[in-house]
Number of protein chains: 2
Amino acid sequence: MAARAGVSIASASRVLNGIGGSAETVRKVRAAAAEVGYVPNAIARSLQSQRTGLVALAVADIGNPVYVAMMRAIEAVVASSGRQLLVHATGGEVASETALLRRLANRYVDGMIVSPIRITDEHLDAIVVSPVPVVVVGQLPDDAPVDNVRTDSRTGVALAVDHLLAAGRQRIGFVNGPLDTVPGAARDAGFRAALAGHGIPVDERLIEVGDFQYAAGRDAATRLLARADPDALLCANDLIAVGALHALLTEGRRVPQDVALVGMDDTELAQMAFPQLSSVSLGSATRGRRAAELLLERIADPDLPPRREHVAPSLAVRASSIPAVPASGVPAAPASSVPADPAPSVRADPAPSVPAVPAPAPGSRAPRSLTEGRRA
Amino acid sequence: MAARAGVSIASASRVLNGIGGSAETVRKVRAAAAEVGYVPNAIARSLQSQRTGLVALAVADIGNPVYVAMMRAIEAVVASSGRQLLVHATGGEVASETALLRRLANRYVDGMIVSPIRITDEHLDAIVVSPVPVVVVGQLPDDAPVDNVRTDSRTGVALAVDHLLAAGRQRIGFVNGPLDTVPGAARDAGFRAALAGHGIPVDERLIEVGDFQYAAGRDAATRLLARADPDALLCANDLIAVGALHALLTEGRRVPQDVALVGMDDTELAQMAFPQLSSVSLGSATRGRRAAELLLERIADPDLPPRREHVAPSLAVRASSIPAVPASGVPAAPASSVPADPAPSVRADPAPSVPAVPAPAPGSRAPRSLTEGRRA
DNA sequence: TTGTAGGCGTTATCAT
DNA sequence: ATGATAACGCCTACAA
C-alpha cells in the first residue's frame, strides 16, 4: 500500500501515525490507505512496541456479582487508558491461578489483576518472578513486595455484628465460606472477635460453612436452622445470603421479624432480594478501580516501590435487618416499608485519571468494553 | 539462549517445539532454556503464525446472568481448543458494536462471537467485510451470509402464554424490553400472536415497556399494577421478572396466588428468587456452545458456507406460576411447596469436540478461564 | 521531509 | 539433524 501511494514504507508509517509528512505525501498515503482498506496489524505493532494493550483480570467466579462489580470498575479504568480487559475465571483453584501467573512470562498481556481467595507461596513466587506487573486484590502477607489493594473484612463482619446486636438480636447465626480461603478465614476470625468484643460466647451450632455459592448458602442455612434457633443470620457474601433467604422463607420464617439477615459484598443481588438485604460493603468497585489504577501506574513506571492500599468497609442497612414495626394486622405484607438504602455505602466513583497507553490507536475512537453505556 | 546452548537458533526452536533434534541437542537446549528462564514470546509467535489464540465475545450487559451462562458455555469450548476468551460489553450500543467489529481488521483476535440486541446494516456490513470470522447469536435477516445461532423467542413467549392460560389465568400482563431491539420486538409480536391464537383481544394497558434491567422491570411492573389488574405477569427476561416480583411483593400481592409470574432466559436468578420463577429457557448455554463451535470450525476452514442453527425454547415451570393449593389457613407461608424444577429445561451439555488450535502451547497445561472448576 | 535498513522473537524453508 | 536465512508487519534511528 506504500507502493500504491508511491512513497516509502517509512513515510507511510509516519503519516499513519500522524508524525510529520508533507501535505502532498499525507494526501497520497491517506488515499492509498482508504483505497486498499488498509488497517494496521495489531500483532506486528505489539511485537515492535512490546505492548499488547491488553490487561488481564483473574477472579474465581465470573457469576458472582461482586466480581461483576469489580470487573466493571476495572474495565472503566482500563478502557480509559485505551487498553482492553481479558477476563479469566479460575474457580478459585490455586493451580489454575499460578498457571495463569506463570504464563504472564509469555507477555500476552501488559499486566494482570488477580483476586485469589486462596494465596500460596506459589502465587507470591510467580508474581515476584513475573516480568509483567501484577496487582493483587485481597489480603497478602505483610512483607510481600506486591502491589495490593485490600479491605478489612474482619472489621466488616464487626459492623454487621454490632448492628444486629444493637437491633436487639441475641442469637446470631453465621454462614461462612470455606475456612481454607483467605476471606473465609478472615470472616470467621472477625465473627468470633466481634462476639468476644461484646462478651458473648461463641455457640458453634450457630456457625455453618459451605462454599461461596447460592446453593451452598441455602443448604448451610437449612442445616443451621434445623439445629439452632437464630434470630439473625450473617452470611459471608450476598450469594450465600440470598440462599439463606430462600431457606428462611421456605421454613416459614419471616425476615426480618423472626430472623434478621445480613449479607456481605453489597452487590446488586442484595437490592434485588425481597426484602432487600442489608449487606456489608467491602468496596469492591473501589478496590477494583484502585487496583486498575495501581496497575496502570506500574506499567508506566515499573520502578515504583510496592504499594498497599486499604478500602474501608461500611454497612448498608436495608429492610432485611430493620426491626419490623409492631403492626399486628395484615400478616400478608412480609416486610416493613422502610426508606431503603440509607446508603452509607453509596459512593460516586469519580472519573479516574490514569496514565494512558503511550501510543493510542490512531483513527476511530476505541470501543469501550464491559461497562460503557451499560443500560440499554 | 540458543547461543548459550551452543546451537543454532533454528535448532533451539525445533527442540522447544518438540520437532526432532538429537538427544544431545535436546539436552543442551533444555538446559540452556532452564538456565536462562526462557519463555517463548506469545506476540512474536502470533506474528509468525498469524493467529493470536484469542477469541472475542461481545455482549450487551456483562451483569445479566443470561450472558454469564452463555459466556461460560462459550468459554468451555474456546478453552478446550487451547484459546482464550476476551469479553467485551457493549451496552447494547450499535456504535460500540460496529466499532468493535471494524477493529477486527486489526486481527487482534482470531474470531468473534457477537450477540447484539439491535442489528443494523452497519453490523452486517462490518461482519461481511471482516477478515476474521464472526458468529452472531441472535436473529438475523434471512439472506445475511453470516454464521448464526438463534432461538425463537416468539415461540418461547407462546409457551409461557399457553401455560398461564392453561393454569386458568385470564389477564396476562406483559413487561417487555425496548421495542426497537430484536428480542423486544420479537417478544412483543409473540405475545400478541399468542393471545390472538387463543382468541383473546390485546389489552394495551396490560403491556408495559422498560429496558432489560432489574430496576426497569420493577418500575414497569409497578406502573402496570397501578393501572391494570393482572392475574399473571410475563416478563421479557429474568432480570425484569425479579424486578416485577419485587414490585408485586411490595404491593402485597401473593405470588402465585394473586399473580402468577413467568420470566424468560431461565437463568440462575430464576432459581434464586423466592418463590422460584418459572422461566422460558431460550437455551442460552446451548446457543453459546454452538456459536463457539461454529466459530472454531470456521476458523479452521474459512471456506465453509454460512450456517444457521436453531435452538428450541422450552419452559421451566416453577413455583411462581403453579396454582396454589387451596389451603385456607396459614397466610404466612408465601408459596405452595411444589417439587421445584420439573426441569424441562435442564440439559447436560456434553463435552464439546472441536478443532483445536493448530500449535498448542508447549509446556504446562494451559489454564482455563471463566468457567473451569467454578465451584470453589 | 524522505528513503534505507535494521530489528522486534518466532517459525519455516532450504541447503548442507 | 542442523544451520543460515527469509519472512511476519511494523516502527525508528540514521542518512540522504
Side-chain angles (χ1 to χ4, degrees), chain A residues 1-33 36-54 82 103-110 131-132 357-363, chain B residues 1-33 36-54 82 103-110 131-132 357-363:
Chain A
M1 95 86 179
R4 181 120 177 178
V7 300
S8 80
I9 222 174
S11 299
S13 171
R14 278 186 287 256
V15 168
L16 263 12
N17 289 329
I19 309 178
S22 70
E24 176 60 5
T25 332
V26 170
R27 197 190 50 70
K28 284 194 294 187
V29 172
R30 291 257 168 79
V36 189
Y38 171 85
V39 177
N41 181 307
I43 304 169
R45 184 184 293 218
S46 289
L47 182 58
Q48 157 69 29
S49 64
Q50 302 290 45
R51 293 180 297 95
T52 63
L54 289 176
R103 255 167 74 110
L104 286 177
N106 287 344
R107 306 184 149 284
Y108 71 107
V109 291
D110 295 339
V132 327
V357 56
Chain B
M1 95 85 178
R4 182 120 176 180
V7 300
S8 82
I9 202 174
S11 299
S13 172
R14 276 186 287 257
V15 169
L16 263 13
N17 289 329
I19 309 179
S22 71
E24 175 61 6
T25 330
V26 170
R27 197 190 50 71
K28 284 194 294 188
V29 171
R30 292 258 168 78
V36 190
Y38 170 84
V39 177
N41 181 308
I43 304 169
R45 184 183 290 216
S46 289
L47 181 59
Q48 160 67 29
S49 65
Q50 301 289 45
R51 293 180 297 96
T52 62
L54 289 176
R103 253 167 75 110
L104 286 176
N106 286 345
R107 306 184 148 284
Y108 70 109
V109 291
D110 295 340
V132 327
V357 57

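Sequence lines set the chain letters: A, B, ... in the order given, protein chains first and strands last, and positions in each chain run from 1. Remember, predicted model here, so these are calculated numbers, not experimental data.
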Check: [X] side chain, [Y] main-chain N or O, donor-acceptor pair, under 3.5 Å:
X        : Y       : result
A:Ser13  : A:Ile9  : no
B:Asn106 : A:Asn41 : no
B:Ser46  : A:Ile43 : no

Can you tell me how far [atom2] of [N] sits from [atom1] of [X], to the nearest Å?
X       : N      : atom1 : atom2 : answer
B:Ile19 : D:dG3  : CD1   : C1'   : 15 Å
A:Ile9  : C:dG7  : CD1   : C1'   : 14 Å
B:Leu16 : D:dT2  : CG    : P     : 14 Å
A:Leu47 : D:dT12 : CG    : P     : 13 Å
A:Ile43 : C:dT11 : CD1   : P     : 14 Å
A:Arg51 : C:dG9  : CZ    : C1'   : 17 Å

Would you say [X] reaches [N]'s phosphate, i.e. side-chain N/O to OP1/OP2 under 4.0 Å?
X        : N     : answer
A:Tyr108 : C:dG9 : no
B:Asn41  : C:dC8 : no
A:Ser11  : C:dT2 : no

Given DNA chain D, 5'-ward residue of the pair B:Val7 and B:Ser49, judged by closest heavy atom:
B:Val7
5'-most contact on DNA chain D (nearest-nucleotide basis), B:Thr25 vs B:Gln50, goes to B:Thr25
Using a 4.0 Å heavy-atom cut-off, does A:Ser22 contact any base of the nucleic acid, only the sugar-phosphate backbone, or nothing at all?
sugar-phosphate
Considering every strand and a 4.0 Å limit on heavy-atom distances, what is the contact class for A:Val29: base, sugar-phosphate, or nothing?
nothing
Do A:Arg14 and C:dG3 share a donor-acceptor pair, side chain to base, under 3.5 Å?
yes
Looking at A:Gln48 and C:dG7, is any side-chain donor or acceptor paired with a base atom of the opposite kind under 3.5 Å?
yes
Among the candidates [options], find the nucleotide nearest to the side-chain atoms of [X].
X       : options               : value
B:Arg45 : D:dC10, C:dT10, D:dG9 : C:dT10
B:Ala10 : D:dT5, D:dC11, C:dG9  : D:dT5
A:Ser8  : C:dT11, D:dC11, C:dG3 : C:dG3

What I'd like to find out is whether the side chain of B:Leu16 reaches to under 4.5 Å of the side chain of B:Val29, using heavy atoms alone.
yes
Atom NZ in B:Lys28, atom OG in B:Ser22: separation rounded to 0.5 Å?
7.5 Å
